[in-house]
Amino acid sequence: MKTLFGGRGIPQIVVLALCVFLASCAGILGIRPKSPERAFDHRAHSLRGVDCLTCHKGISLAGDEGPLHLPASTVCTSCHATPHDARDCSSCHGRGATRENATLARKHLRFSHANHAPAVKGQCIPCHIAAGSSSQSALRPPMAQCFTCHNHQESWKTRDCESCHVDLPKEATRPASHVVHEGDFIREHGVRAASARELCASCHTESYCASCHGVSTAALPWRFSFERPTLAGLHRAGFRQRHAEEARGAPGLCTTCHAEERFCADCHAEKNVGRAEIAGQARSPHPAGWVRARGGEHGRAARRDPGSCASCHGGRGEALCVGCHSVGGPGGNPHGPGFTSALDPSRDTPCRSCHTR
Amino acid sequence: MTAPSQSRSRLKTQDPCKQVATAFFAVVALQCSLAEAQPLRLRADSLASTRSPVGLLVLTGQDELKPWLDAETVTWLGFGTVGGPTGLGDVLTISVRARHAKSGSEVRLGRMVVTMGAVRPIHLDGARGRVRLFGGTTVESFVGMPVQRGFDYRSLGFAAGGRVAQAFDVTTIGASYLRRLEDGNLSDEEIGADFALTPAPWLTAAARAAFDLVGRGPSDVLVSASVQNSDMRLEVFSTHRSPGRLLPSTSLFSVLGDFASTSVGSTVRYRAFPRLELLAQGQGQTRGDERGGQGLGRVTLALDDAWEGTCGFELRRVSFGESRWTGARGLVSLPISRRLRAATELEIVAPDDPRGRGAVWPWALVALGLKPAESWDLAIGVEALAGPSRGAETFALARLSYVFERGRR
């Protein structure tokens with residue numbers, strides 16, 4: 001067998017197969033884009049002394065409405081007298097996404113080049129820093145760039161979004177920074193929103209929170225969007241059948257949204273599953289040894305996950321516990337080591353259930 | 001019959017069609033009455049399933065002449081099956097907000113979800129106000145009655161609280177308080193502290209901690225810090241929860257003295273190639289003398305440069321306490337045309353200890369989404385599963401959504 005370096009090297013056929021595989025991967029992984037579009041090389045033009053206004057004629061006087069001042073092919077051919085292709089220059093030089101981005105910015109932002117040009121003495125680069133790079137096509141300045149100006153810092157502090165954004169919910173844009181929608185957003189949003197609820201509210205309305213956090217129902221948006229499985233969401237896919245395992249794997253997590261004493265019991269009653277009395281069974285769903293003369297496993301299980309107990313035995317079901325654990329009862333003191341509470345044993349619920357007997 | 005069941009039964013009507021029709025006409029009437037207000041948004045989603053049909057109606061409106069005033073409502077509609085088919089409906093939110101856009105101050109009246117700093121969220125019928133003072137100080141407060149289903153108040157509850165926060169250049173700190181009474185008994189009393197730090201766009205950190213004043217201990221603590229650039233994001237997080245203290249203090253199970261659970265973990269997202277994204281998450285967990293953890297790995301491959309079509313695979317392992325299982329999930333989402341999309345999803349969960357519940361719990365979905373017009377959106381699908389509580393089941397799903405918008409440019 002022929003080898004690449006002779007002797008005991010890599011067989012040529014393997015090298016050839018690897019090359020074909022990598023070449024196909026380049027397309028699959030997006031390393032070699034199928035589209036002929038590439039970023040317009042602003043840097044090369046600047047280095048040749050072409051002023052921005054030569055191509056973007058009139059942009060420095062543009063208000064917050066009107067044309068975008070993107071150059072047509074005729075502007076290109078005024079210098080490049082012999083174009084190499086009959087097609088429109090912008091079909092390859094410059095990305096469609098960049099033009100779309102500019103169109104959306106015109107639609108959704110209150111921005112006037114005429115107002116800003118004097119403040120930067122007619123210089124474009126202080127804001128459009130990306131133009132200094134040959135590979136960058138997204139020339140719309142990031143929002144952080146706006147905050148380098150005093151006026152916009154004040155707008156950010158007071159969450160006065162409407163001084164720049166026409167209609168944020170309709171714009172449906174994701175913040176470029178400061179607020180993270182990447183990673184595990186479902187887990188993260190609670191801690192991130194704690195200090196910045198009003199920032200969230202600049203895009204998300206009450207309905208967005210309530211459709212998951214309302215007491216009557218839960219996680220509906222994900223249920224409704226069943227044809228979009230890539231949407232990050234809570235309770236996706238087969239959550240219904242693994243929810244008990246999920247709950248055991250994250251003690252207390254369910255309680256942060258659901259009132260387990262009502263939510264679980266209501267749903268299980270609706271589905272007619274889980275509770276022995278509902279299913280018409282005479283047996284306990286708990287394993288053998290759950291309750292013994294010396295306690296059994298139920299006490300420890302209750303301390304590990306009291307929400308789970310409350311989901312079936314909450315409300316009137318507490319009488320089952322009180323029957324044994326009331327003061328002087330055979331069940332003894334149910335409080336764990338070091339237990340402390342601000343409740344008044346003789347007056348407050350649930351203490352008086354046991355302590356006044 | 002338990003109290004919740006009693007409350008549920010009061011929501012039932014003899015004629016479910018009549019209730020749904022009433023709600024529909026109410027929304028149409030509301031739409032007509034607000035037709036002159038701008039901008040106006042209406043979104044209506046109805047999900048029909050052979051298991052249970054539900055609907056969600058969302059309406060928001062703002063007066064163009066009085067942009068400081070807006071209103072919104074979300075109504076859920078559905079059918080129950082206990083004791084035969086019954087109609088159910090509930091208003092999740094219905095509120096009016098007046099605000100001062102320049103200062104960010106506002107007041108909201110009605111039914112709403114109140115989340116204020118680190119204290120627990122509360123679904124409230126009442127009022128919430130926020131005042132932004134000079135120098136980055138914010139004062140918020142709320143008062144009202146905790147929501148009961150369908151405005152069905154069996155007992156009189158009361159909740160009040162507030163938050164004071166100070167924003168500096170890159171930092172915000174806040175302190176919050178919540179007190180809730182249920183039927184005259186103290187149900188929740190918490191204080192909380194929250195903190196956010198964004199020294200640079202690539203570095204953010206946030207933390208919140210709630211302390212239960214009744215159970216005298218921390219009830220819920222979360223810490224998260226992340227670094228990121230365009231291709232990579234690394235987050236380190238920690239949580240600490242006391243399940244007993246998260247229950248209402250009126251519950252007998254809140255006074256047992258629980259084993260709090262603590263977890264520490266990290267999530268890494270990496271855009272390895274323009275069309276390939278990798279995500280890995282791992283966390284270690286403790287509860288009393290128990291140790292365990294869970295991990296997740298996900299690969300997502302885009303089928304086009306715009307990420308309109310994707311396929312992905314996810315593997316998850318949970319091994320903590322009594323929860324020990326392995327799950328795998330694969331999905332494909334494919335745009336067939338500009339208006340038509342197909343998707344399929346398959347999940348298999350295998351518990352370590354089946355205990356007679358089946359060795360594997362498969363779940364699968366095949367769906368088609370169609371957008372026939374700008375305002376209309378529909379989807380149909382078939383869902384099949386074999387779970388631990390019941391045998392194999394198959395459901396058909398259909399969703400119809402309508403969005404109406406009228407407003408500024």
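None of the values given here were measured: they were computed from a predicted structure. The chains referred to below are lettered A, B, ... by the order of the sequence lines, with proteins before strands, and numbering in each begins at 1.
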Any donor-acceptor pair under 3.5 Å from [X] side chain to [Y] backbone:
{"X": "His335(A)", "Y": "Val255(B)", "answer": "yes"}
{"X": "Glu383(B)", "Y": "Ala237(A)", "answer": "no"}
{"X": "Arg341(B)", "Y": "Glu227(A)", "answer": "no"}
{"X": "Arg241(B)", "Y": "Gly252(A)", "answer": "no"}
{"X": "Glu347(B)", "Y": "Phe239(A)", "answer": "no"}

What part of [X] gets within 4.5 angstrom of chain A, counting heavy atoms only: side chain, backbone, both, or neither?
{"X": "Pro362(B)", "answer": "backbone"}
{"X": "Glu322(B)", "answer": "both"}
{"X": "Val349(B)", "answer": "side chain"}
{"X": "Leu296(B)", "answer": "neither"}
{"X": "Ala302(B)", "answer": "backbone"}
{"X": "Trp361(B)", "answer": "both"}
{"X": "Ile380(B)", "answer": "backbone"}
{"X": "Glu106(B)", "answer": "neither"}
{"X": "Leu397(B)", "answer": "both"}
{"X": "Ala207(B)", "answer": "backbone"}
{"X": "Glu290(B)", "answer": "side chain"}

Would you check, one step at a time, whether the test side chain to side chain contact (heavy atoms under 4.5 Å, CB included) holds for Trp325(B) with Glu246(A)? CA-CA 10 Å; Trp325(B) 55 278; Glu246(A) 294 271 14; 3.9 Å; yes
Please check if any side-chain donor atom of Thr255(A) sits under 3.5 Å from a side-chain acceptor atom of Arg120(B), or the reverse. no
Under a plain distance cut-off of 3.5 Å, with no hydrogens placed, do Ser333(B) and Arg228(A) share a side-chain donor-acceptor pair? no
If you count heavy-atom pairs within less than 4.5 Å of chain A, which of [options] leads?
{"options": "Gly327(B), Ala118(B), Ala196(B), Ser224(B)", "value": "Ser224(B)"}
{"options": "Gln294(B), Glu189(B), Arg208(B), Glu140(B)", "value": "Arg208(B)"}
{"options": "Arg130(B), Glu235(B), Arg329(B), Glu182(B)", "value": "Glu235(B)"}
{"options": "Arg97(B), Glu345(B), Arg108(B), Arg287(B)", "value": "Arg287(B)"}
{"options": "Ser219(B), Gly117(B), Ala367(B)", "value": "Gly117(B)"}
{"options": "Thr115(B), Leu186(B), Thr310(B)", "value": "Thr115(B)"}

As an exercise, state the distance from [atom1] of [X] to [atom2] of [Y], rounded to the nearest 0.5 Å.
{"X": "Leu256(B)", "Y": "Arg300(A)", "atom1": "CG", "atom2": "CZ", "answer": "14.0 Å"}
{"X": "Cys309(A)", "Y": "Leu252(B)", "atom1": "SG", "atom2": "CG", "answer": "10.0 Å"}
{"X": "Phe259(B)", "Y": "Asp305(A)", "atom1": "CZ", "atom2": "CG", "answer": "12.0 Å"}
{"X": "Asn185(B)", "Y": "Thr349(A)", "atom1": "CG", "atom2": "OG1", "answer": "3.5 Å"}
{"X": "Ser308(A)", "Y": "Phe253(B)", "atom1": "OG", "atom2": "CZ", "answer": "9.5 Å"}
{"X": "Asp194(B)", "Y": "Ser195(A)", "atom1": "CG", "atom2": "OG", "answer": "3.5 Å"}

Step by step, work out the side chain to side chain contact (heavy atoms under 4.5 Å, CB included) result for Ser341(A) and Arg245(B). CA-CA 10 Å; Ser341(A) 173; Arg245(B) 293 189 180 101; over 6 Å; no
Show your reasoning for whether salt bridge (Lys or Arg N to Asp or Glu O under 4.0 Å) applies to Glu245(A) and Arg324(B). CA-CA 8 Å; Glu245(A) 298 295 318; Arg324(B) 295 177 189 278; over 6 Å; no
Counting C-beta onward and ignoring hydrogens, is there a side-chain heavy-atom pair between [X] and [Y] closer than 4.5 Å?
{"X": "Pro251(A)", "Y": "Phe320(B)", "answer": "yes"}
{"X": "Leu247(B)", "Y": "Pro306(A)", "answer": "yes"}
{"X": "Leu331(B)", "Y": "Thr230(A)", "answer": "yes"}

For Arg242(A) and Trp363(B), run side chain to side chain contact (heavy atoms under 4.5 Å, CB included): C-alpha distance rounded to whole Å, both residues' side-chain angles, the deciding distance at 0.1 Å, then the answer. CA-CA 10 Å; Arg242(A) 59 181 152 80; Trp363(B) 177 93; over 6 Å; no
Cationic N near anionic O, under 4.0 Å, Glu188(A) to Arg233(B): yes
Check against side chain to side chain contact (heavy atoms under 4.5 Å, CB included), Ser251(B) and Glu318(A): CA-CA 8 Å; Ser251(B) 168; Glu318(A) 290 176 358; 3.8 Å; yes
Contact winner vs chain B - Pro334(A), Ala250(A), Ala244(A), Gly299(A), heavy-atom pairs under 4.5 Å: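 Maximum pair count with chain B is reached by Pro334(A).
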Could you check which of Ser163(A), Gly190(A), Ala193(A) has the highest count of heavy-atom pairs closer than 4.5 Å to chain B? Gly190(A)
Search all heavy atoms of Val214(B) against all heavy atoms of Leu343(A) and return the closest pair with its distance.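 Between these two residues, the closest heavy atoms are CG1-CG, 3.5 Å.
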